[in-house]
S.K.: 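Below: one structure in structure tokens.
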Amino acid sequence: MAKEMTKIMVTGSAGQIGTELIKALRKKYDAPSVLATDIQPSETVDLPESGPFEFLDVTKKENIEAIVQKYRIDTIFHMAAILSATGEKKPRLAWDVNMTGTYNILEAAREHGMTRVFIPSSIAVFGPETPREHTPQETILRPKTMYGVTKVAGELLGNYYAERFGLDVRGCRFPGIISHEALPGGGTTDYAVAIFYEAVKNKKYSCFLKEDTRLPMMYMPDCLKAIFDLMEADSSRLKHHADFNVAAMSFTPGELAAEIKKHIPEFACEYKPDFRQTIAETWPMTIDDSAAKMEWRWQPDYDLAVMTKDMLSVLSVRWAEGRLNY
Ligand code: VAH
């Protein structure tokens with residue numbers, strides 16, 4: 001009988017995915033059994049009051065141990081990470097949080113015989129030597145960012161714990177994620193979040209990537225669907241562990257701007273590439289996610305048109321009600 005996910009902990013709960021993962025987990029599981037944690041103190045974290053919160057610095061093993069014992073955690077969604085752009089400005093911080101943090105989480109899960117651990121990976125594991133069109137599941141992983149280095153190492157560590165210790169570690173290589181809850185947090189793909197806020201508020205945006213920079217992207221509801229589908233998949237069907245390619249759509253800033261203009265005709269976008277252009281050009285343009293489709297029936301629901309309509313409708317209402325907070 002597969003062990004159940006009953007006492008759940010989410011790290012990085014104030015982050016872009018964590019913010020919405022907490023709400024989705026508390027909706028699906030028993031809310032008091034879903035513990036939100038983050039390095040930001042509770043008073044600064046806009047988390048739903050529907051469940052427990054603890055301050056957690058994942059680089060401190062003793063911090064994790066105390067919380068895991070206090071709440072008898074059996075499942076961890078380890079979302080705490082420093083993303084690509086911030087990681088290039090603060091590589092030591094990215095290494096400490098992404099590597100020491102992930103090692104500490106895996107060790108705690110192993111020592112406590114936990115049911116399952118989710119560790120997100122990223123298309124940032126790929127580099128300029130990787131085929132950029134229809135990037136394969138098995139291919140060259142030579143990233144050119146510290147974030148990418150930590151994500152490759154995180155996948156390898158997760159796979160090691162799965163094969164050496166039998167720990168049920170699962171993870172996806174997420175593309176850029178777009179959402180209307182948490183504000184952009186230091187990612188190279190975050191232009192695709194900021195552009196919506198700027199379009200609603202100012203009807204214009206200055207993009208830090210070139211107009212024709214194609215990147216794989218995914219709307220938050222599909223990101224959450226991938227996490228739930230993978231974590232609830234029958235383990236006997238899984239041949240991979242912590243490194244599934246997943247895809248939903250691929251677009252350029254120019255294509256996204258054109259889609260926004262269908263709803264806001266006066267919207268204007270200019271392009272002023274910065275250091276993040278160099279990062280983006282080392283990443284894939286499209287992804288082959290056939291392994292995820294085969295092993296756990298992955299299937300996205302949102303494309304560029306549907307996502308754009310949804311993002312603009314949510315943010316326009318928030319702007320009209322004076323709640324945009326951007
Ligand atoms: C970043 N949003 O830009 C993250 C993501 C594929 C990129 O991992 O760093």
Side-chain angles (χ1 to χ4, degrees), residues 12 14-21 77-91 93-95 97-99 101-102 118-128 130 132 135 139 141 143-155 158 171-197 207-210 213-220 222-224 226-227 242-253 256 273-289 292 300 307 311:
Q16 181 189 23
I17 300 175
T19 304
E20 301 200 47
L21 179 60
F77 291 77
H78 177 44
M79 311 312 288
I82 300 295
L83 299 183
S84 59
T86 305
E88 290 309 287
K89 289 179 185 165
K90 301 176 183 171
L93 178 66
W95 178 265
V97 173
N98 298 3
M99 286 322 306
T102 298
F118 181 83
I119 302 178
S121 184
S122 162
I123 61 166
V125 299
F126 303 118
T130 309
R132 297 186 68 203
T135 301
T139 187
L141 304 179
K144 300 301 176 212
T145 62
M146 174 58 93
Y147 173 69
V149 166
T150 67
K151 283 300 171 184
V152 171
E155 288 183 0
C172 311
R173 289 167 177 163
F174 282 125
I177 304 296
I178 295 146
S179 62
H180 47 63
E181 294 309 308
L183 290 176
T188 299
T189 59
D190 286 340
Y191 86 86
V193 177
I195 194 170
F196 286 103
Y197 287 82
C207 182
F208 55 73
L209 295 184
K210 286 180 185 167
T213 309
R214 183 170 303 283
L215 286 170
M217 296 282 188
M218 183 180 287
Y219 197 28
M220 181 60 79
D222 274 335
C223 172
L224 297 175
I227 294 172
D243 53 11
F244 283 97
N245 281 5
V246 286
M249 51 184 140
S250 282
F251 55 74
T252 66
L256 179 53
D274 66 14
F275 74 100
R276 288 165 286 193
Q277 182 64 35
T278 309
I279 296 174
E281 286 173 358
T282 66
W283 289 350
M285 292 188 276
T286 59
I287 299 285
D288 168 7
D289 59 359
M307 174 195 66
M311 280 290 284

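Atoms within each ligand, like the ligands themselves, are counted from 1 in listed order.
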S.K.: For Thr189 and ligand 1, does the shortest N/O to N/O distance drop below 3.5 Å?
M.R.: yes
S.K.: So, taking the atom named CG in Leu183 and the one named OH in Tyr197, what distance separates them when rounded to the nearest 0.5 Å?
M.R.: 5.0 Å
S.K.: Decide whether an N or O pair under 3.5 Å exists between Trp283 and ligand 1.
M.R.: no
S.K.: Tell me the contacting part of Ser84 for ligand 1: side chain, backbone, both, or neither, using a 4.0 Å heavy-atom threshold, strictly below.
M.R.: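 Looking at Ser84 and ligand 1, atoms from backbone and side chain both fall under 4.0 Å.
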S.K.: For Ile123, counting its heavy atoms only, list the atoms of ligand 1 lying under 4.0 Å from any of them.
M.R.: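 Those of ligand 1 that fall under 4.0 Å from Ile123 are 6 (C).
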S.K.: Look only at the side chain of Asn245 and the backbone of Asp288, and say whether a donor-acceptor pair between them is shorter than 3.5 Å.
M.R.: yes
S.K.: Search all heavy atoms of Pro253 against all heavy atoms of Thr213 and return the closest pair with its distance.
M.R.: CD-O, 3.2 Å
S.K.: Which of the numbered atoms in ligand 1 are below 4.0 angstrom from a heavy atom of Ser122?
M.R.: 5 (C), 6 (C), 7 (C), 8 (O)
S.K.: For Met146 and Pro91, which heavy atoms make the closest approach, and how far apart are they?
M.R.: CG-O, 3.6 Å
S.K.: Quick one, Glu88 with Arg276, criterion salt bridge (charged side-chain N to carboxylate O under 4.0 Å, His left out). Give me CA distance, side-chain angles, the key distance, then yes/no.
M.R.: CA-CA 9 Å; Glu88 290 309 287; Arg276 288 165 286 193; over 6 Å; no
S.K.: Measure Pro175 to ligand 1 on non-hydrogen atoms and call it side chain, backbone, both or neither using the 4.0 Å cut-off.
M.R.: backbone
S.K.: Identify, by atom number and element, the atoms of ligand 1 in contact range of Tyr147, meaning under 4.0 Å from any of its heavy atoms.
M.R.: 5 (C), 8 (O), 9 (O)
S.K.: Counting from 1, what ligand 1 atoms have a heavy atom of Leu83 closer than 4.0 Å?
M.R.: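 By the 4.0 Å cutoff, the relevant atoms are 9 (O).
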S.K.: Does any donor atom in the side chain of Thr145 or Ser84 lie under 3.5 Å from an acceptor atom in the other side chain?
M.R.: no
S.K.: How close do Met311 and Ser179 get, counting heavy atoms only, and between which atoms?
M.R.: CE-O, 3.4 Å
S.K.: Quick one: which ligand 1 atoms are inside 4.0 Å of a heavy atom on Thr188?
M.R.: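 Within the 4.0 Å cut-off of Thr188, ligand 1 contributes 1 (C), 3 (O), 9 (O).
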